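I have placed the structure first, in the form of structure tokens, so that the comments after it can refer back to it.
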2 protein chains.
Amino acid sequence: MILDIARRMLVDHGYRGLSMDRIADATEYSKGTIYQHFTCKEDLVIALSIQTMAKREEFFKRAAQFQGRTRERIVAIGVAEDLFVRLYPHHFRSEQIVRMSSLSEKTSPTRNDALEAIERRCLATVAEIVGEAIAHGEVTLRDGMNAEDICFTLWCMTLGAHTLMASEIPLAKRGVRDASKALRFGTQYLLDGMGWQPAMHAFDIGATVARIREEIFPEETALAFGPRNGEKLTNGRRHPSMS
Amino acid sequence: MILDIARRMLVDHGYRGLSMDRIADATEYSKGTIYQHFTCKEDLVIALSIQTMAKREEFFKRAAQFQGRTRERIVAIGVAEDLFVRLYPHHFRSEQIVRMSSLSEKTSPTRNDALEAIERRCLATVAEIVGEAIAHGEVTLRDGMNAEDICFTLWCMTLGAHTLMASEIPLAKRGVRDASKALRFGTQYLLDGMGWQPAMHAFDIGATVARIREEIFPEETALAFGPRNGEKLTNGRRHPSMS
DNA sequence: GGCTATTTTAGACAGGTCGTCGAAAACTGA
DNA sequence: TCAGTTTTCGACGACCTGTCTAAAATAGCC
């Protein structure tokens with residue numbers, strides 16, 4: 001309950017507007033009580049992060065189970081992350097705060113470890129798909145890169161994209177009309193560049209995304225885009241010229 | 001002078017250790033004087049960001065002038081960013097603070113605009129290379145992407161990578177031994193994936209990087225890696241099998 | 001019910017920070 | 001020497017985090 005109120009406060013008034021006094025006020029408890037649950041303000045923010053990261057982990061785990069080729073399952077992870085960001089837009093703010101003042105002396109190690117563990121499991125979920133792809137010969141390691149390095153590049157791309165999208169930089173005014181689309185294709189280019197089979201133009205990504213949304217994230221898709229599954233996927237070609 | 005002291009304070013003691021009182025103390029001025037130069041604490045941090053961003057702009061402009069094919073010039077931008085991050089490691093911290101509490105009511109619009117302008121010029125520098133590559137036919141736009149979208153994907157990748165590297169996440173323990181290397185190759189994969197000529201294996205990237213460092217950033221390279229230009233570039237193959 | 005022990009809660013308090021403001025000091029120019 | 005102007009100063013109010021003791025609520029037992 002405390003976390004729910006704190007989250008709303010963070011979303012509405014930013015980090016500066018998040019004060020322990022005001023939380024105490026809003027929860028009808030007093031400060032002493034709040035501080036019995038959280039060692040400090042950052043600890044509370046970490047607790048918020050843990051909640052959303054747990055959701056992300058769930059999304060990733062579900063996405064990884066999509067029935068399809070490894071490349072499609074990577075796309076599924078992308079869909080999961082996209083939905084996650086849409087449904088929990090405040091997460092990045094919390095994450096930024098955590099990143100900024102973590103290592104922070106006072107935060108309870110228990111929570112810190114918990115957060116780290118979830119993050120690690122998220123990464124492992126992706127690494128597993130990469131490993132499988134390597135085993136199946138759908139991608140081949142080159143240049144001294146390993147599976148984790150591959151994950152890292154994907155991670156960089158999505159993290160960077162969402163950081164920029166969540167920031168106040170007016171991307172549209174910088175000529176980037178549809179950042180989500182750019183991210184989607186950028187990821188595909190990256191996968192193509194590492195030679196991950198099947199190549200981008202060899203399958204219908206739009207159809208795959210639609211299937212993932214229907215089969216794995218029906219409710220989340222409805223929540224994020226409205227019940228009519230409104231977003232139009234501009235995917236270049238919808239009918240692949242090669243099968 | 002104020003900024004120099006503030007920067008050192010930020011680097012040494014983090015954002016929490018950066019206090020206006022302590023700055024006043026260290027500068028031998030008083031708080032009132034400090035506040036005549038900066039409207040608030042964030043304004044001061046923005047001023048720090050402007051200084052480093054100006055340096056980044058200079059680096060980018062110089063990199064863009066590298067004599068070579070467009071793809072090599074993109075590599076030059078990568079080298080510039082790499083050196084920039086190495087020489088001004090605190091920049092990301094400031095940037096994060098700015099991002100977090102920007103839009104912030106009180107920061108002087110002058111500085112905000114100045115920072116935005118520099119950032120825009122950095123992006124434009126890259127966009128220009130992309131435009132030239134398109135004009136030369138070294139890369140072809142597909143999937144409804146434009147030059148800015150291409151820049152965006154590159155931006156995402158580097159931003160994400162440096163955010164992760166600057167964070168306290170122990171990448172090495174996550175299996176990412178050399179994040180810089182992973183970023184370097186990830187970028188190449190991305191360029192390959194968009195079909196940017198010449199492809200990665202068709203030229204000696206290591207040699208290009210060495211040339212860029214020698215010709216464009218000799219002093220900066222010495223500062224960042226020591227006078228012996230110590231970093232070994234693990235570039236898969238050093239002697240290209242195809243010319 | 002009555003009574004004690006334990007847990008939970010409350011909110012005053014100390015320490016610290018940001019940002020303001022009127023007064024003091026320094027400087028300028030004749 | 002002196003009036004006008006600019007710069008500097010540091011005390012002050014408001015706020016926020018985190019602590020700590022006293023009061024309230026609860027549980028356990030007869």
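Residue numbers start from 1 in every chain, and the chains themselves are labelled A, B, ... in the order their sequence lines are given, proteins ahead of strands. Predicted model, so just to flag it, every value in this text is computed and none were measured.
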Close side-chain approach of B/Leu18 to B/Val45, heavy-atom, < 4.5 Å: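 Yes, close enough: below the 4.5 Å cut-off.
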Distance, rounded to the nearest Å, where [X] contributes [atom1] and [N] contributes [atom2]:
{"X": "B/Arg16", "N": "C/dG15", "atom1": "CZ", "atom2": "P", "answer": "18 Å"}
{"X": "A/Asp25", "N": "C/dT9", "atom1": "CG", "atom2": "C1'", "answer": "15 Å"}
{"X": "B/Asp43", "N": "C/dT20", "atom1": "CG", "atom2": "P", "answer": "12 Å"}
{"X": "B/Gln36", "N": "C/dG19", "atom1": "CD", "atom2": "P", "answer": "15 Å"}
{"X": "B/Met9", "N": "C/dC18", "atom1": "CE", "atom2": "P", "answer": "11 Å"}
{"X": "A/Asp21", "N": "D/dT19", "atom1": "CG", "atom2": "C1'", "answer": "13 Å"}
{"X": "A/His37", "N": "D/dT17", "atom1": "NE2", "atom2": "C1'", "answer": "18 Å"}
{"X": "B/Ile34", "N": "C/dC21", "atom1": "CD1", "atom2": "P", "answer": "18 Å"}

Which nucleotide, [options], lies nearest any side-chain atom of [X]?
{"X": "B/Tyr35", "options": "D/dC16, C/dT20, C/dT8", "result": "C/dT20"}
{"X": "A/Tyr29", "options": "C/dG19, C/dT9, D/dG10", "result": "C/dT9"}
{"X": "A/Lys41", "options": "D/dT8, C/dA10, D/dT17", "result": "D/dT17"}
{"X": "B/Cys40", "options": "C/dG19, D/dT17, C/dT9", "result": "C/dG19"}

Position toward the 5' end of DNA chain D (nearest nucleotide), A/Met20 or A/Gly32: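 Here A/Met20 is the residue nearer the 5' end.
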Could you check whether atom OH of B/Tyr29 has more than 12 heavy atoms from other residues, nucleotides or ligands sitting under 6.0 Å from it?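 Result for OH/B/Tyr29: open.
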Does [N] have OP1 or OP2 under 4.0 Å away from a side-chain N or O of [X]?
{"X": "A/Lys31", "N": "C/dG11", "result": "no"}
{"X": "A/Ser19", "N": "D/dT17", "result": "yes"}
{"X": "A/Thr33", "N": "C/dT8", "result": "no"}

Classify the ring geometry of B/Tyr88 against B/His90: parallel below 30°, tilted from 30° to 60°, perpendicular beyond 60°.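 Plane angle over 60°, so perpendicular.
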Sugar-phosphate only, base, or nothing, as touched by A/Leu18 at under 4.0 Å among non-hydrogen atoms: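 Sugar-phosphate, backbone atoms only, no base.
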Roughly how far, to the nearest 0.5 Å, is CD1 of B/Ile97 from CG of B/Leu48?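 Between atom CG of B/Leu48 and atom CD1 of B/Ile97 there are 8.5 Å.
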Verify whether the ring centers belonging to B/Phe59 and B/Phe217 lie closer than 6.0 Å.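 When the ring centroids of B/Phe59 and B/Phe217 are compared, they turn out to be within the sub-6.0 Å range.
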